[in-house]
Each structure stands twice: as C-alpha cells, then as structure tokens.
Amino acid sequence: MVNKIDHIGIAVKNLRDALNFYENVLGLKSAGTEVVEEQKVKVAFLPIGDTEVELLESTEEDGPIARYIEKNGEGVQHIAYRVDDIEKAIEVMKEKGIRMIDEKPRYGAGGAKIAFCHPKSTCGVLIELCQRD
Ligand code: ZN
C-alpha cells in the first residue's frame with residue numbers, strides 16, 4: 001500500500017537554528033520554506049537520497065507543532081509514507097479498523113495531499129499518508 005518513506009517530520013522550536021544544524025553541520029540543502037496556514041506551521045524540506053527531512057516550526061502558540069513540543073520537546077513528530085491514491089489508502093485504513101485523524105485528504109506543503117493516522121492505531125507513531133502528483 002505504501003511505496004517509500006516520503007519524508008520524516010521533525011518538530012523544531014526555531015527553524016533558522018534547525019536549518020543551521022541541518023545545512024551547516026549535516027550538509028543538507030533546504031529546497032525552500034513554506035507556511036501552511038491551515039496547520040499553523042512553517043516548513044522547510046531538505047532532500048536526502050530518495051527521501052526528505054521536513055522541519056516544522058509553529059507559527060502560532062496554539063498550533064499543533066507548538067502543542068507537540070510543549071508535551072514532548074523537539075524531535076521526530078511524524079513519518080510520512082508515499083501512496084499513489086490517498087482516497088483509496090484512507091478507505092483501506094478505515095476498512096482495516098485504523099483510526100484516522102483525517103478522513104479526507106488535506107493540503108500538505110509542496111502541494112501534496114496528506115492524511116494523518118492516529119498513533120493509537122499505528123504502534124505509537126504519527127503516520128502521514130502522502131500523495132504527490
Ligand atoms: Zn509531513
């Protein structure tokens with residue numbers, strides 16, 4: 001059902017500081033930043049090999065990433081798996097009893113269609129399904 005790891009989402013307090021580490025220490029290059037208003041988040045994608053690292057900084061104090069950091073601290077927040085057909089993937093997940101946070105695809109950075117599965121159904125990992133056209 002899933003093809004590959006599309007990206008790994010990492011919650012950071014400060015995008016500039018995080019980019020300093022990822023670019024100047026690890027030597028990755030940001031492919032650009034984008035604000036996703038709906039998720040109250042500013043993201044930077046850093047391609048590496050066949051996948052990407054997604055750095056997420058909250059743009060609002062009450063945003064999901066701010067709340068995540070408050071509870072867990074900075075760190076890996078989700079893993080995104082690439083799917084070909086997200087509507088179908090959501091349907092299959094529901095059929096198999098997986099609790100979905102998003103029952104309909106929503107907009108993700110870079111124009112992807114995304115949907116999150118609830119960690120209670122996925123061994124504790126927040127899983128994002130991600131379709132790119
Ligand atoms: Zn993501």
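We count ligands from 1, going down the list as the structure has it; atoms in each ligand are counted the same way.
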| Between CG on residue Leu28 and CD on residue Glu23, distance to nearest 0.5 Å | 8.0 Å

| CD-CD1 distance between Glu128 and Ile114, expressed to the nearest 0.5 angstrom | 4.5 Å

| request: Looking only at non-hydrogen atoms, find the nearest pair between Gly73 and Tyr68 and report the distance. | output: O-CE2, 3.6 Å

| said: Can you tell me if Glu61 has over 12 outside heavy atoms packed within less than 6.0 Å of its CD? | reply: no

| message | Using only atom types and a distance under 3.5 Å, with no angle test, would you say the side chain of Lys4 pairs donor to acceptor with the backbone of Asp50? | response | yes

| query | salt bridge (charged side-chain N to carboxylate O under 4.0 Å, His left out) with Arg132: which of Asp84, Asp6, Asp85? | reply | Asp6

| query | Which protein N, O or S atoms lie under 2.8 Å from the Zn ion (ligand 1)? | reply | His7 NE2, Glu54 OE1, His78 NE2, Glu128 OE1

